[in-house]
Amino acid sequence: MIRIKKPSRIFTAMPTLAALAAAGCTLFAGPASAAADAGYPNRPIRIVIGFPAGGGADNTARLYGDALSKELGQPVIIDNKPGAGTTIAAETVAKAAPDGYTLYLATASVMGSDKVLYKNIKYEPSDFVPITRLVSAPLVLAVNKDTGIHSVADLIARAKAKPGALNYSSSGNGVITHLAGVHFSKLAGVQMTHVPYKGGAPSAQAVAAGDVQLTFATAPSIKPMIDAGKAVPIAVTSGQRSPANPDYPTIAESGVKGYDLSAWYGLFAPARTPPEIVDKLFAATRKVMANPELKRKFLAQGDEVSTSASVAEFQQFAAREGKIGIDLVLSSGAKLD
């Protein structure tokens, strides 16, 4: 598979470590921990993502990276490493030095479904330390404007009339935008054909161009196509309507009972990253993500800030979400080299 390297973007800011100390995070005590805490960070931090520029993950990483840079007083580099369903990016982080300078913005797939879907990957969920959830949001079920599909009921009727004829795009095999389609097909009793792309932006563009008929997309990825009139939103994937798009009905209220699936992005570090660095990143993230202006920016792109209550809470959450992903991959029967 061809590896595509997108230009990195660097955020810089003047140091504000005093503000971090005022955030009141609980750090590990002791001379060694205190020394490590005092010295971190003293050089640029890299956040790796498994998607190209322009999609939901990229937009989230850049908004967050800008805010984190200002808080920690060091450049934050967003490193796009798309391909192989985000496994190239995940392997990069798994092999990185556990020093807090290489981080991973990822979804639940890294916590289990990658291992089930890809037989040759060289990392385990235990190779990562979950730090905190950043944002969460339902996906948007959208169709090409020329399909004549105007509702979930229309979609189901078309899919049942022509099993396998409808194609849906995703941002990669095994990620939430793929598994949302698997879950829909299972609960609605229909057959559709999955077409993976290397990221949310090309996946959304495929719907706009008519290369596929529909997609389960992150809101930032599909919004430009909706605004341009090339894609039509017909539902959201969460159990309740989204504050960002309250006029969009849910798939569940549209007739597919029990459908409830939302996307989220979280921050991870390589295993064995010192606890005091994990704590510092957690505290800094909680502080910057609480900023009302940043929350407004995320909401404008369809995401809700949903940082975790603690590192332990996110670790438990990520493990549960990873199990859900494993179950969905197993039910899809998908396997990749």
Main-chain N/O of [Y] paired with [X] side-chain donor or acceptor, under 3.5 Å:
X      : Y      : answer
Asn245 : Tyr248 : no
Ser69  : Gly65  : no
Tyr40  : Gly100 : yes
Tyr101 : Asn42  : yes
Ser254 : Thr250 : yes
Ser221 : Gly56  : yes
Asp260 : Gly239 : yes
Asn80  : Phe51  : yes
Gln213 : Asn167 : yes
Thr132 : Thr307 : no

Taking the basic N atoms (NZ, or NE/NH1/NH2) and the acidic carboxylate oxygens, is any pair closer than 4.0 Å for Glu304 and Lys295?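 Here Glu304 does not pair with Lys295 in a salt bridge, since their nearest N and O are not under 4.0 Å apart.
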
Lys/Arg-Asp/Glu bridge criterion (N-O < 4.0 Å) met for Asp66, Arg62: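 Here Asp66 does not pair with Arg62 in a salt bridge, since their nearest N and O are not under 4.0 Å apart.
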
Do Gln315 and Val129 touch side chain to side chain, with heavy atoms closer than 4.5 Å?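 They are in side-chain contact.
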
Can you check whether Leu166 reaches Thr193 side chain to side chain, under 4.5 Å on heavy atoms?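 They are not in contact (no side-chain heavy atoms under 4.5 Å apart), so the answer is no.
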
Indicate whether the side chain of Ser262 and that of Ser136 have a donor and an acceptor atom separated by less than 3.5 Å.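 Distance-only check fails for Ser262 and Ser136.
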
Cation-pi check, Arg133 to Tyr265: give yes when NZ or CZ is under 6.0 Å from the six-membered ring centre and within 45° of the ring axis, no otherwise.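 Output no; distance or angle outside limits.
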
Is there a path of hydrophobic side-chain contacts, each under 4.5 Å between heavy atoms of I/L/V/M/F/W/Y residues, joining [Y] to [X]?
X      : Y      : answer
Ile234 : Val212 : no
Val140 : Leu299 : no
Leu139 : Ile156 : yes

Tell me if the aromatic rings of Phe184 and Tyr168 count as close, with their centers under 6.0 Å from one another.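 They do not qualify: ring centres at least 6.0 Å apart.
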
Check the surroundings of atom CD in Glu313: do more than 12 heavy atoms from other residues, nucleotides or ligands lie under 6.0 Å from it?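 Buried by this count: over 12 neighbours within 6.0 Å.
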
Kindly give the heavy-atom pair with the smallest separation between Ala219 and Gly302, and that separation in Å.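 Where Ala219 meets Gly302 most closely, the heavy atoms are CB-CA, 3.8 Å.
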
Relative to each other, are the rings of Phe128 and Phe268 parallel, tilted or perpendicular (30° and 60° limits)?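 Ring orientation of Phe128 relative to Phe268: perpendicular.
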
